[in-house]
There are 2 protein chains.
Amino acid sequence: MARKQGSHAEITGPKVRQAALRLFARHGFAAVSMRQIAAEVGVQAGALYLYTPDKQTLLFDLMRDHMEELLSDWQVPEGCAKLALEAFTRHHIRFHLARPELVFIAYMELRNLEPRNFAVIEGLRKAYEDQLESILKRGVATGRFAVPDTKLATLAIIAMLTGVTTWYREGGRLDRDAVEGIYWDMVRKAVAVE
Amino acid sequence: MARKQGSHAEITGPKVRQAALRLFARHGFAAVSMRQIAAEVGVQAGALYLYTPDKQTLLFDLMRDHMEELLSDWQVPEGCAKLALEAFTRHHIRFHLARPELVFIAYMELRNLEPRNFAVIEGLRKAYEDQLESILKRGVATGRFAVPDTKLATLAIIAMLTGVTTWYREGGRLDRDAVEGIYWDMVRKAVAVE
DNA sequence: GGTTGAACTGAACATTCGTTCAGATACTGT
DNA sequence: ACAGTATCTGAACGAATGTTCAGTTCAACC
């Protein structure tokens, strides 16, 4: 027994990533075995190594692609800082609610990355944070925002917004638009000049 | 060779918990072996089972004690909601900054708990969130706060505050009092009536 | 000073782990 | 129809896993 009917790399490759994504998110990287991933895909464990050099790279690729998409999906709007902040807030929530498993992994599995891989992901994360901080700085400079410390405010806002993925469930009491609006309301007030 | 000189349960017991705490926080529950914990304590792996029935209970006990301390350390102050919210904010930050490793574990290792243990921890977490929500409700009722949704605001504020442990480092640019003040400033404004 | 029990070792248990690889199969192009 | 190659199996590797336990040592008590 060997190759299966209708088996193709273009199909199995993504399936491997999907299975890894789901299992890593649910049980954690360290708690998931290559055999579990293989079973989810419907192949033997050895076949996974046609699609990834090792387990670590499987994790790293998921995280790097996620962070790069997060960055490339966003561009600071021109114009006033308040509009930019609203755009950022809404975009952040929308982007994160659309892929909760990747968000979860990118946050929880940092410590399972080898130092070199960790540095890459941290660099991307930092670049994303800088996007928000530059908006806050702009608002402070033009007197539209009042925050005691832009760096700290950046981290506080991102923590608050990302937290949405821990409780939001499709079909719950609030839809995504409502959630966006409520969070934006709190962010707006938190940085407002009194 | 067997029992070591001057070894006592009153010493080894806490050392086991401390070692587990540090290693779980650093590498994650699933990635830490009983032999690693034993090495940190300075005993053989088998000796750990004098202090815990199994690895899972070692994790659960850490989390449960942490959550119970979090709850018992706090009581809602009488009087106006704004003062209560400030007290909560400052207490939350102080408590969490004092034990970053426990906070980390209590948040990251939930999925490694067996269903029954998970339910216990979730219950305690819910009870803590209710403390904050009751303050917000009180403020809304008396017209002191304006939040569109107290449940959502509760989760947003806790996410924001707990995020402090991800970046705060002893001896950094800001001391704990300053951090408390800055976060309180943002929380206060976020729920304020405009 | 002999006895008892708590504290611990060291070895062993059956599983499982990530990874490799020779061989088998099914598809592709000729 | 045949060759070649992409895809996958199934078995194997050594190492590591959580847990158990008979045996050993030390300290305390009578």
Side-chain angles (χ1 to χ4, degrees), chain A residues 1-24 26-63 105 109 111-114 116-117, chain B residues 1-24 26-63 105 109 111-114 116-117:
Chain A
M1 306 136 222
R3 184 172 184 181
K4 293 185 173 179
Q5 280 199 354
S7 58
H8 293 296
E10 314 95 67
I11 295 176
T12 308
K15 273 171 92 176
V16 168
R17 290 171 55 93
Q18 271 182 23
L21 170 62
R22 221 182 37 217
L23 290 171
F24 288 166
R26 181 129 47 190
H27 307 292
F29 172 76
V32 171
S33 72
M34 293 300 267
R35 283 171 180 82
Q36 284 176 56
I37 298 172
E40 190 97 346
V41 175
V43 298
Q44 293 297 315
L48 298 182
Y49 291 84
L50 293 168
Y51 304 99
T52 182
D54 49 41
K55 192 186 175 192
Q56 162 83 198
T57 306
L58 194 50
L59 172 64
F60 174 64
D61 284 347
L62 285 173
M63 294 176 67
I105 289 176
E109 304 297 352
R111 59 187 170 185
N112 287 115
L113 290 176
E114 288 163 6
R116 237 199 353 277
N117 291 339
Chain B
M1 301 135 224
R3 183 173 182 177
K4 293 186 174 178
Q5 279 199 354
S7 56
H8 294 295
E10 315 95 67
I11 295 177
T12 307
K15 274 171 90 175
V16 169
R17 289 172 54 94
Q18 271 181 22
L21 169 62
R22 217 174 50 211
L23 290 171
F24 288 167
R26 180 128 49 191
H27 307 291
F29 172 75
V32 171
S33 73
M34 295 299 269
R35 284 172 180 81
Q36 285 176 54
I37 299 172
E40 189 97 348
V41 174
V43 297
Q44 294 296 315
L48 298 181
Y49 291 84
L50 294 168
Y51 304 99
T52 182
D54 49 41
K55 193 187 175 193
Q56 162 84 200
T57 306
L58 194 50
L59 172 64
F60 174 64
D61 284 347
L62 285 173
M63 295 176 68
I105 289 176
E109 305 296 353
R111 60 187 170 186
N112 287 116
L113 290 177
E114 289 163 4
R116 242 206 341 283
N117 291 339

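Chain naming here is simple, since letters A, B, ... match the order of the sequence lines and numbering starts at 1 in each. As a basis for the values below, the full set of heavy atoms in this structure was taken, side chains included, without hydrogen atoms, waters or symmetry mates.
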Using whole Å, report how far [atom1] of [X] lies from [atom2] of [N].
X	N	atom1	atom2	answer
B:Arg35	D:dT20	CZ	C1'	12 Å
B:Leu58	D:dT19	CG	C1'	14 Å
A:Lys55	C:dT20	NZ	P	15 Å
B:Met34	D:dC21	CE	P	15 Å
A:Asp54	C:dC17	CG	P	17 Å
A:Gln44	C:dG18	CD	P	14 Å
A:Leu59	C:dG18	CG	P	13 Å
A:Leu48	D:dT7	CG	C1'	13 Å

| query | Quick one: is C:dC8 close enough that its OP1 or OP2 comes under 4.0 Å of any side-chain N or O from B:Tyr51? | reply | yes

| query | Does B:Thr12 make a side-chain N or O approach to OP1 or OP2 of C:dA7 shorter than 4.0 Å? | reply | no

Out of [options], which has the shortest distance to the side chain of [X]?
X	options	answer
A:Ser33	C:dT19, D:dC8, C:dC17	C:dC17
B:Glu10	D:dT7, C:dT19, C:dA7	C:dA7
A:Gln36	D:dT19, D:dT9, C:dC17	C:dC17
A:Leu50	D:dT9, D:dT7, D:dT19	D:dT7

| note | Assert: residue with more 5' nearest nucleotide on DNA chain C, out of A:Ala31 and A:Pro53, is A:Ala31

| So what does A:Val32 hit on the nucleic acid, given a heavy-atom distance under 4.0 Å: a base, only sugar-phosphate, or nothing? | sugar-phosphate

Heavy-atom side-chain contact between [X] and [Y] under 4.5 Å:
X	Y	result
A:Leu50	A:Thr12	no
B:Ile37	B:Leu58	yes
A:Lys55	A:Phe29	yes
B:Tyr49	B:Met34	yes
A:Leu113	A:Gln56	yes

